[in-house]
Amino acid sequence: MNAASIAALARAGAGITVEVVPETGSTNADLLARAPALAGPALLIAENQTAGRGRAGRSWLSSSEHSLTFSLAWKFDGGPQQLSGLPLAVGVALGEALGQLGVQVQLKWPNDVLKDGAKLAGILIETQAAPGGGIWAVIGIGLNLVMPDEMEARLGRSAAGAPWLARMERDVLMAALLDALAETLRLFARQGFGAFCARWNLRHAWQGETVVILDNAASGNPVVLHEGLAAGVDDTGRLLLDTLDGRITVLAGDVSLRVKT
Ligand code: ATP
């Protein structure tokens with residue numbers, strides 16, 4: 001991939017520094033380390049990411065041939081409360097951009113992009129106070145272009161690829177995603193998640209389905225915290241769940257959602 005060509009192709013990318021590295025552990029870790037010295041928004045793409053991260057110390061698997069792994073550092077005014085719903089807004093940006101490229105996806109609360117019910121992309125946002133005030137959000141995205149059987153076996157659960165995207169010129173795909181993200185982050189800075197709530201709900205994967213909210217989902221010992229019908233999200237990005245005791249709202253924290261089978 002080529003940084004100059006991505007920057008030239010991305011119409012909304014003005015003022016965003018673009019860098020491509022052949023390999024790194026985690027693009028999120030790299031940008032978090034650099035954040036204090038960044039003069040403006042920065043996109044870091046790794047051709048190969050060897051220690052990709054998910055939430056709560058989980059890992060994100062990728063390969064140089066079959067995945068897109070990148071992070072975008074963006075500075076917001078205000079404090080962490082300003083960022084509630086940001087992972088969901090980023091999901092909307094990805095969902096709409098992929099839809100325009102011909103790949104229809106759905107969103108799973110709080111931070112996943114699904115294709116045919118399986119995870120196609122993951123979003124991990126990590127933050128850091130900016131030295132002069134405000135907050136840096138480092139938005140990490142891993143997108144599967146192809147999902148080889150061997151990787152699915154390592155994951156131990158089904159995951160999706162998008163062969164159609166794999167056939168696209170990578171720089172063109174990356175520029176389209178950067179455009180969508182830059183537009184989203186600018187709107188989010190002005191209006192917060194309220195501007196994205198209806199758009200998220202339109203793509204909600206499990207609307208009206210019975211779901212469970214789990215603590216420790218990845219462990220051998222998950223605990224069911226709630227069960228109910230998924231009713232979308234509110235304008236701060238909380239999940240609305242219709243339980244036997246009535247409607248409740250669930251904060252993202254570190255809980256995981258599973259459709260009840
Ligand atoms: P869950 O998917 O269990 O609800 P989560 O959404 O919080 O959890 P993340 O922490 O965002 O998941 O992502 C890490 C998880 O995603 C890993 O635990 C693994 O199950 C899964 N995963 C890792 N790499 C990939 C990949 N390339 N494609 C699809 N899923 C992946």
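In what follows, every heavy atom counts, from backbone to side chain, and hydrogens, waters and symmetry copies are set aside. All ligand and atom numbering here is 1-based and tracks the order in the structure.
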Determine, stepwise, if the pair E209 / K260 fulfils salt bridge (charged side-chain N to carboxylate O under 4.0 Å, His left out).
-> CA-CA 8 Å; E209 307 270 343; K260 202 175 177 207; over 6 Å; no

Go through the steps for R203 and V113 under the test side-chain contact (heavy atoms from CB on, under 4.5 Å), then give the verdict.
-> CA-CA 10 Å; R203 293 189 181 271; V113 176; over 6 Å; no

Quick one: do T243 and D245 satisfy side-chain hydrogen bond (donor to acceptor under 3.5 Å, both in side chains)? Show the steps, please.
-> CA-CA 5 Å; T243 72; D245 300 325; 4.7 Å; no

Could you go step by step and tell me if Q106 and H204 meet the side-chain contact (heavy atoms from CB on, under 4.5 Å) rule?
-> CA-CA 6 Å; Q106 299 78 42; H204 182 193; over 6 Å; no

side-chain hydrogen bond (donor to acceptor under 3.5 Å, both in side chains) between Q49 and T27, worked out = CA-CA 7 Å; Q49 181 172 254; T27 54; 3.3 Å; yes

Can R170 and S5 be said to form a side-chain contact (heavy atoms from CB on, under 4.5 Å), step by step?
-> CA-CA 10 Å; R170 292 282 166 96; S5 106; over 6 Å; no

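The protein non-hydrogen atom at the shortest distance from atom 18 (O) of ligand 1 is R58 CD, 3.4 Å. Nearest to atom 31 (C) of ligand 1 among the protein's heavy atoms is W60 CZ3, 3.4 Å. Nearest protein neighbour of atom 22 (N) of ligand 1, counting heavy atoms only, is L155 CD2, 3.4 Å. Closest to atom 20 (O) of ligand 1 among all protein heavy atoms lies R157 NH1, 3.0 Å. If you check which protein heavy atom lies closest to atom 3 (O) of ligand 1, you get R258 NH2, 2.7 Å. For atom 24 (N) of ligand 1, the nearest non-hydrogen atom of the protein is L61 N, 2.9 Å. The protein heavy atom nearest to atom 11 (O) of ligand 1 is N111 ND2, 3.1 Å.
Looking at R55, K119, K108, E152 and measuring to atom 15 (C) of ligand 1, the nearest heavy atom belongs to K119.
At a heavy-atom cutoff of 4.0 Å, ligand 1 is contacted by the side chain of A159 but not by its backbone. Contacts between L124 and ligand 1, counted as non-hydrogen atom pairs separated by less than 4.0 Å, are absent for every part of the residue. Neither the backbone nor the side chain of L120 has any atom closer than 4.0 Å to an atom of ligand 1 (non-hydrogen atoms only). At a 4.0 Å heavy-atom cut-off, ligand 1 touches S59 through the backbone alone.
For ligand 1, the polar-atom distance check finds no N/O of S62 at less than 3.5 Å from any of the ligand's N/O atoms. For ligand 1, none of its N or O atoms has an N or O atom of G54 under 3.5 Å away.
Within the structure, the closest approach of R53 to ligand 1 does not fall below 4.0 Å when heavy atoms are considered.
Side-chain atoms of S62 and S67 include no donor-acceptor pair closer than 3.5 Å.
Using a cut-off of 4.0 Å between Lys/Arg side-chain N and Asp/Glu carboxylate O, E152 and K119 are scored as not salt-bridged.
In the vicinity of N144, heavy-atom distances shorter than 4.0 Å reach the ligand 1 atoms 26 (C), 27 (N), 28 (N), 29 (C). Which parts of ligand 1 touch D112 is read off a 4.0 Å heavy-atom cut-off, strictly below it: atoms 2 (O), 6 (O), 11 (O).
The shortest non-hydrogen separation linking W74 to I16 is CZ3-CD1, 3.7 Å. Nearest heavy atoms, L107 versus G91: CD2-O, 3.4 Å.
Residue R186 qualifies as enclosed at atom CZ: its count of foreign heavy atoms under 6.0 Å is above 12.
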